Peer 1: 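One structure, as structure tokens, below. Some questions next.
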Amino acid sequence: MTADKVVLATAAAPRPPRRRARIFPIAVMAPALVLLLVLVAYPIAGSVRISLGTWDGIGAVAYHGLDNYRRLLRDSLVWESIGTSLQFFIGTVVFTVTFGCLLANAISRKVPGARIFKVVWFLPVIIPVSIAGIFWSNAFQPTTGVVNSLLGLIGLGDDHAWLASSSTALYAAIFVAVWTQTGYAMLILLGAMETIPEEVHEAATLDGVGAAGRLFRITLPNIVPMLGTITTLTSVFSFNAFGIIYAMTRGGPGNSTSILPVLVYKQSFVDQDYGYGSATAVITTLIVAVIGIMVMRIFRQQTLDAR
Amino acid sequence: MTAPRTQSGTRSAWRHGPLWYVGYALLLLWTVITVVPFVSMLLLSLHSTSDIYAHPLGLGGQWVLSNYADAWRGVVGGAPLSTYIINSVLVALCSLAIGVTCGSLAGYGLARATRGLSNAVSRVMVLALSVPLVVALIPTFELLGRYQMLNSVAGISLVYAAFMTPTIALIMRSVFAAVPRELLEAAKIDGYGELAALLRVVLPVSKGGFVSVTLLGLIFVWSEVQFGVVLLTRPQNRTLSVGLLSFQGQFVSDQGAFFAGLVIATFPIVILFLIFQRYVTSGITLGALK
């Protein structure tokens, strides 16, 4: 833009009221903030309140300070569940984001059949997670399940009791979580990848940069902000995966797949111990919030570098 | 300029290299893993239980349709599948109307606000987004109960709208941030105010973002189980994903009907997605704006 054009533009514009420019963003954010205040912040405060006492679901809360939290610290079930949740979280995020990125890259590089792949790979996302969980738990059954039947066909045996063994049940659950979320990550990342000008890729190709080189030197640096978003969303998803776990294993065998939301459900709705369940829910929230902020910090830092 | 160097061969060499074929084979493997459940549930829904146990891949035995009638009637003590489907549609429409409107407006605010304000509100959004649904469960049940909104479309829709809002806001922030600043400056030169610029200039070029967040919101609502179980206690008010949980236990001895139920629940939204897909494909590509 040349200098005289700038002058022209400034003169032609109706003097923008500076205050209005500042108020406008606040005004458009207000409805969302009200919604969040009433239906997210207020209930969280409610959970904190209930976590400070005993509640049977009907009467008043009998407060007794931090007793529930002291009990949590000594509860091996809670510690086990935190460990399970972290394993589930890391497995789900690493595989979902990596696969999503590779699949999106394949589509944006227009491999043969890319248009069909894009539709097919997104399909698992639209299945309700409860149905995905129900289906796969059936598919993982020994001898009668589809997974074992297919493994049997290629000579790997058809009698693996994936969900009945505490050493494999969590991996099966992570598999289903990744299965349901990868298409989502792919679609989001693809949107970012397609904003990269094709000429950049062409120029790199002409300079002899291979496919892997272009993925790491052109595509990834340009989609860092979206990588941050999708990593955050997938992390949160992994702590909300109640539906998958509940449909597949109900948290078992033993407690081997009891991620935190499942434990909270058991404490509250099975043991009717709402105060204790609320305390676990509050701890869960703190863990998730820390992870969310960490992820955003990491990626926001790189965002600034990239721009 | 390009023609001679392209033919010098890097590209074609890469295309036909062994690594490329390995990569492509992995893509095909992922495709199979993706498709297996859809094909499998369809095949198994067309067989009797004894055939399913004899032929777990669903390729042998007699082909029957009666499973669908059994599944449509639903389970004892539940509602018919049609009721669940209608409930899911109503809840999706209401919650999306609220959630997409509030979330997108907030996203635009985030994209346009000063850096300090934007960062502060973003942090609030990330926190709200980082909230595991389970932490709001019991107090929400208490709150909706107080206003007679349990077992109501309005009640659960408001809850779903609130929880999809941060996701939508953060995605739309990225979408709006990708709108070239020059476009907004041009709108100002043309005499548009903030709101007019948003409606007439920014919205048309951000259509794709709207379709995607709507789709993603729909997927969230269609899948959600935790709130559904607690806030929709009567079978006739349940959404599809919640209603189907009772299928699992009760159709253990009737595997054919069980899979037919999964097919009935899955394929309408698959078809819906295939219709939406065109919009997503053309829309999510912000690259069109360059």
Side-chain angles (χ1 to χ4, degrees), chain A residues 9 12-14 24-25 28-29 31-32 35-36 39-40 43-44 46-47 50 106 111 117 119-121 123-131 134-135 144-146 149 191 194-195 197 205-206 208 210-211 225 229 233 236 239-240 242-243 261 264 268 274 278 281-282 284-285 288-289 292 296, chain B residues 5 10-11 14 27 31 34-35 37 40-41 53 56-57 102-103 105-106 108-109 112-113 121 126-136 138-140 158-159 161-162 165 169-170 174 178 188-189 191 194 219 222-223 225-226 241 244-245 248 262 265-266 269 273 277 284-287 290:
Chain A
F24 181 75
V28 291
M29 289 189 287
L35 206 57
L36 293 180
L39 288 162
V40 181
I44 294 170
S47 279
I50 296 168
V111 296
F117 282 149
V119 178
V120 172
W121 291 339
L123 285 177
V125 182
I126 63 184
I127 278 199
V129 288
S130 56
I131 294 180
I134 291 170
F135 175 85
T144 60
V146 174
S149 301
E194 289 187 342
T195 63
T205 310
L206 295 182
T229 304
L233 295 176
V236 175
F239 282 88
N240 277 336
F242 174 86
V264 172
S268 305
Y274 292 100
S278 296
V282 170
T284 306
T285 310
V288 175
M296 289 306 278
Chain B
R5 291 189 65 184
T10 34
R11 179 155 208 169
W14 166 73
L27 296 183
T31 307
T34 301
V35 174
S40 173
M41 70 170 71
Y53 283 134
L57 293 179
C102 294
L105 282 174
Y108 190 63
R112 296 296 314 284
V121 178
V126 173
L127 272 173
L129 189 86
S130 308
V131 170
L133 302 181
V134 76
V135 78
I138 300 162
T140 302
L158 279 170
V159 175
T165 293
L170 290 173
S174 303
K188 275 204 185 125
I189 293 165
E194 290 280 7
I219 290 159
W222 208 263
S223 288
V225 190
Q226 265 189 100
S241 52
L244 275 170
L245 282 177
Q248 204 181 7
L262 295 190
T266 304
I269 194 167
F273 163 70
Q277 165 62 23
I284 206 167
T285 321
L286 289 163
K290 281 191 302 274

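These figures come from a predicted structure and were not determined experimentally. Sequence lines set the chain letters: A, B, ... in the order given, protein chains first and strands last, and positions in each chain run from 1.
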Peer 1: Can you tell me how far the CD1 atom of A/Ile127 sits from the OG1 atom of B/Thr266, to the nearest 0.5 Å?
Peer 2: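 A/Ile127 atom CD1 to B/Thr266 atom OG1 measures 4.5 Å (nearest 0.5 Å).
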Peer 1: Given the options B/Gly103, B/Ser40, B/Ala161, which has more heavy-atom pairs under 4.5 Å with chain A than any of the others?
Peer 2: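 Option with the greatest count: B/Ser40.
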Peer 1: State, to 0.1 Å, how close B/Thr34 and A/Val120 come at their nearest heavy-atom pair, and which atoms those are.
Peer 2: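 The pair with the smallest heavy-atom distance is CG2-O, 3.1 Å.
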Peer 1: Is B/Val225 in contact with chain A via its backbone, its side chain, both, or neither, using a 4.5 Å heavy-atom distance?
Peer 2: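 Contact with chain A is through the side chain of B/Val225 alone.
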Peer 1: Considering all heavy atoms of both residues, which atom of B/Ala113 and which atom of A/Met29 are nearest to each other, and what is their separation?
Peer 2: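 Nearest pair, atom of B/Ala113 first, then A/Met29: CB-CE, 4.4 Å.
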Peer 1: Determine whether B/Val134 and A/Phe239 make a side-chain contact, defined as any pair of heavy atoms from C-beta on separated by less than 4.5 Å.
Peer 2: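 No, their side chains stay 4.5 Å or more apart.
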Peer 1: Can you tell me which portion of B/Val35 sits under 4.5 Å from chain A's heavy atoms? Options are side chain, backbone, both or neither.
Peer 2: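 The answer is the side chain of B/Val35.
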Peer 1: Any idea which heavy atoms bring B/Pro132 and A/Asn240 closest together, and the distance?
Peer 2: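 Where B/Pro132 meets A/Asn240 most closely, the heavy atoms are CA-OD1, 3.2 Å.
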Peer 1: Look at A/Leu123, A/Thr284, A/Thr229, A/Val264 and state which one has the largest set of heavy-atom pairs under 4.5 Å with chain B.
Peer 2: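 Result: the option with the highest number of such pairs is A/Leu123.
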Peer 1: Which heavy atom of B/Gln226 sits nearest to which heavy atom of A/Pro261, and what is that distance?
Peer 2: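 That would be OE1-CB, 4.4 Å.
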Peer 1: For chain B, which of A/Ile134, A/Val236, A/Val129 has the most heavy-atom pairs under 4.5 Å?
Peer 2: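 The residue among A/Ile134, A/Val236, A/Val129 with the greatest pair count is A/Ile134.
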Peer 1: For the atom pair CG (B/Leu244) and CZ (A/Phe135), what is the distance rounded to the nearest 0.5 Å?
Peer 2: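 Nearest 0.5 Å value for the CG-CZ distance: 14.0 Å.
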Peer 1: Is the shortest heavy-atom distance from the side chain of A/Trp121 to the side chain of B/Leu27 under 4.5 Å?
Peer 2: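 Side chain of A/Trp121 against side chain of B/Leu27, heavy atoms only: contact under 4.5 Å found.
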Peer 1: Under a 4.5 Å heavy-atom cut-off, does chain A meet the side chain of B/Val121, its backbone, both or neither?
Peer 2: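 Contact with chain A is through the side chain of B/Val121 alone.
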Peer 1: Answer yes or no: is there a side-chain heavy-atom contact under 4.5 Å between B/Leu158 and A/Leu39?
Peer 2: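 With C-beta onward as the side chain, the pair touches.
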Peer 1: Would you mind checking which part of A/Tyr274 comes under 4.5 Å of any heavy atom in chain B, side chain (CB onward), backbone (N, CA, C, O), both or neither?
Peer 2: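 It is both, since atoms from each part get that close.
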Peer 1: Check each atom of B/Ala169 against the heavy atoms of chain A and say whether the ones under 4.5 Å are side chain, backbone, both or neither.
Peer 2: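 When you check distances to chain A, no heavy atom of B/Ala169 falls under 4.5 Å.
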Peer 1: Can you say whether A/Leu233 sits under 4.5 Å from chain B via the side chain, the backbone, both, or neither, judging by heavy atoms?
Peer 2: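 Just its side chain gets close to chain B.
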Peer 1: Distance from A/Ile126 atom CD1 to B/Ile269 atom CD1, nearest 0.5 Å?
Peer 2: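 Spacing of CD1 (A/Ile126) from CD1 (B/Ile269) equals 6.0 Å.
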Peer 1: Side chain, backbone, both or neither: which part of B/Ser241 has a heavy atom under 4.5 Å from chain A?
Peer 2: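 Interface part for B/Ser241: both.
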Peer 1: Select, from A/Gly292, A/Ser268, A/Ala32, A/Ser278, the one with the greatest count of heavy-atom pairs under 4.5 Å involving chain B.
Peer 2: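 The option with the most such pairs is A/Ala32.
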Peer 1: So which atom in B/Ala136 and which in A/Pro43 form the shortest heavy-atom distance, rounded to 0.1 Å?
Peer 2: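 What the structure gives for the nearest pair is CB-CB, 3.7 Å.
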Peer 1: Can you name the nearest heavy-atom pair linking B/Val135 to A/Ala281, along with the distance?
Peer 2: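 Taking every non-hydrogen atom into account, CG2-O, 3.6 Å.
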